Protein chains: 2
Amino acid sequence: MYAEFETYLRDNMQLSDDELRLIHSFAVEKKVRRKQVLLQEGEICRFKIFVCKGILRTYRTREDGTEHIVQFSPENLWVTEPESLHNHTPSRYYIDAVEDSELIFWTKSDFDTLFVQIPRLKYFTERLISRNVTLGRDRIFSAISATPEEKYDEFVQTYPSVFARVPLHMIASYLGLSLKTLSRVRHAQLKR
Amino acid sequence: MYAEFETYLRDNMQLSDDELRLIHSFAVEKKVRRKQVLLQEGEICRFKIFVCKGILRTYRTREDGTEHIVQFSPENLWVTEPESLHNHTPSRYYIDAVEDSELIFWTKSDFDTLFVQIPRLKYFTERLISRNVTLGRDRIFSAISATPEEKYDEFVQTYPSVFARVPLHMIASYLGLSLKTLSRVRHAQLKR
DNA sequence: TGAAAACAGCGTCAAATGTCCTCTTTTCCC
DNA sequence: GGGAAAAGAGGACATTTGACGCTGTTTTCA
């Protein structure tokens with residue numbers, strides 16, 4: 001499973017063999033089953049995850065128990081709960097597996113060590129955060145301005161691989177629509 | 001006007017007098033009038049702004065010309081368009097002043113110089129980004145899960161100073177509601 | 001200071017959306 | 001293999017929301 005990650009590293013950073021070994025030395029590989037929970041609300045998040053295979057989701061619940069997905073994370077993405085990780089505060093989000101998945105874990109302190117020893121890794125991570133900030137803004141803009149149909153179309157175009165693999169009610173949850181509205185949008189599109 | 005900023009710096013970082021002078025040496029102060037545009041869609045963003053006084057807003061338009069506000073920035077906040085700034089790409093967002101405002105500008109390259117010379121400033125900025133990521137997530141969660149009334153209440157509680165100073169139609173734009181819905185929510189609350 | 005623009009409330013109507021329900025098919029898991 | 005759970009479509013109905021038009025007030029600015 002580590003092979004996928006090493007490919008990812010080589011594709012995105014120029015690292016020496018020593019550096020690659022160092023990163024590997026802190027990594028913990030783990031296979032999880034569908035629905036397995038990786039982080040519960042109230043827990044303190046102590047890790048960073050890289051998704052080699054599968055899909056994770058990050059969501060939050062309302063008082064009435066409904067789940068609202070803020071993020072899907074398929075292969076080659078990093079997942080953590082930054083707020084909880086950095087501040088050592090209880091997480092307000094859940095993280096679980098949508099499919100059987102293959103993951104690699106690092107603890108925060110190990111990753112901080114890596115940052116010190118491998119500046120390029122730090123730099124790369126900053127670029128990822130920057131991209132995430134941009135995507136987050138786009139998502140907010142879409143959420144406050146787009147029609148349900150536009151939201152659905154954007155999602156399908158932007159995350160085709162996720163779209164094909166997660167149940168519709170999760171897509172509805174991600175988009176902030178009822179399942180009913182989503183199915184109406186889809187139905188209307190069949191006619192066109 | 002620079003005094004407010006220096007207070008802010010002293011409150012948030014321990015910096016030497018030399019460091020404070022260095023930061024000052026790159027700063028450009030500017031007073032702007034209400035509605036003055038600081039960044040247009042299509043322009044490349046070349047600056048970071050600190051708001052000493054007033055309120056800025058960051059928004060984007062749809063094809064039909066409607067404006068959708070993704071951020072308000074009152075005193076003591078930093079404003080830029082990170083995507084455009086980092087990648088030297090045309091901005092998809094506008095930034096303008098909601099009130100007459102007092103601002104301080106730095107160019108990207110000057111700020112990068114400051115980061116190198118003052119590690120503590122870099123570290124502090126990372127904390128701010130981290131907080132912004134958290135706030136962004138909260139905003140997404142709210143946008144996809146909350147009722148109009150909840151959105152309005154959250155906004156009033158979270159940003160009382162902004163609430164008191166911007167017109168209602170901008171609040172509606174920020175929350176993703178029509179002005180009509182917003183006024184209905186407000187009307188309903190008067191009865192309680 | 002006077003005209004124009006911005007702001008915000010209100011009413012009506014039509015459309016969009018959600019809730020609740022049933023029913024069917026698929027998937028999961030022991 | 002079989003029973004249970006999950007997924008999703010669809011109908012009926014109530015509610016919410018938005019679009020539009022109109023009005024009155026305040027603010028802005030030339």
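In this text the structure is predicted, and so the values were computed from the model without any measurement. Quick note on labels: first sequence line is chain A, next is B, and so on, each numbered from 1.
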Name the pairs: protein N/O against N/O of nucleotides 3-11 of chain C, kept only if under 3.5 Å.
unit_1, atom_1, unit_2, atom_2, d
C:dC7, OP2, B:His169, NE2, 3.3
C:dA8, OP1, B:Leu168, N, 3.4
C:dA8, OP2, B:Leu168, N, 2.9
C:dG11, N7, B:Lys180, NZ, 2.8
C:dG11, O6, B:Lys180, NZ, 3.2

Donor-acceptor list for residues 42-56 of chain A side chains, cut-off 3.5 Å, not counting sequence neighbours:
none

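Note: CD (B:Glu150) to C1' (D:dT16) measures 14 Å, nearest angstrom. The OH-C1' distance, from B:Tyr152 to D:dT16, rounds to 19 Å in whole Å. Summarising the geometry, the separation between NZ on A:Lys151 and P on C:dA16 is reported as 15 Å, rounded to the nearest angstrom.
Comparing B:Arg33 and B:Leu177 against DNA chain D, the residue whose closest nucleotide sits nearer the 5' end is B:Leu177.
Taking the ring pair (Phe, Tyr, Trp, His ring centres under 6.0 Å) definition, one finds that B:Phe115 meets it with B:Phe111, sequence neighbours left out. Scored by the side chain to side chain donor-acceptor pair (under 3.5 Å) test, A:Thr66 finds A:Asp64, A:His68 as partners (sequence neighbours excluded).
Grouping Ile, Leu, Val, Met, Phe, Trp and Tyr by side-chain contacts under 4.5 Å, direct or through others, puts A:Ile129 with A:Val133, B:Ile129, B:Val133.
Residue pairs that meet the side-chain hydrogen bond (donor to acceptor under 3.5 Å, both in side chains) test with at least one member in residues 21-42 of chain B, sequence neighbours left out, are B:Asp18-B:Arg21, B:Glu41-B:Tyr94.
Counting non-hydrogen atoms of other residues, nucleotides and ligands closer than 6.0 Å to OH of A:Tyr2 gives a total above 12.
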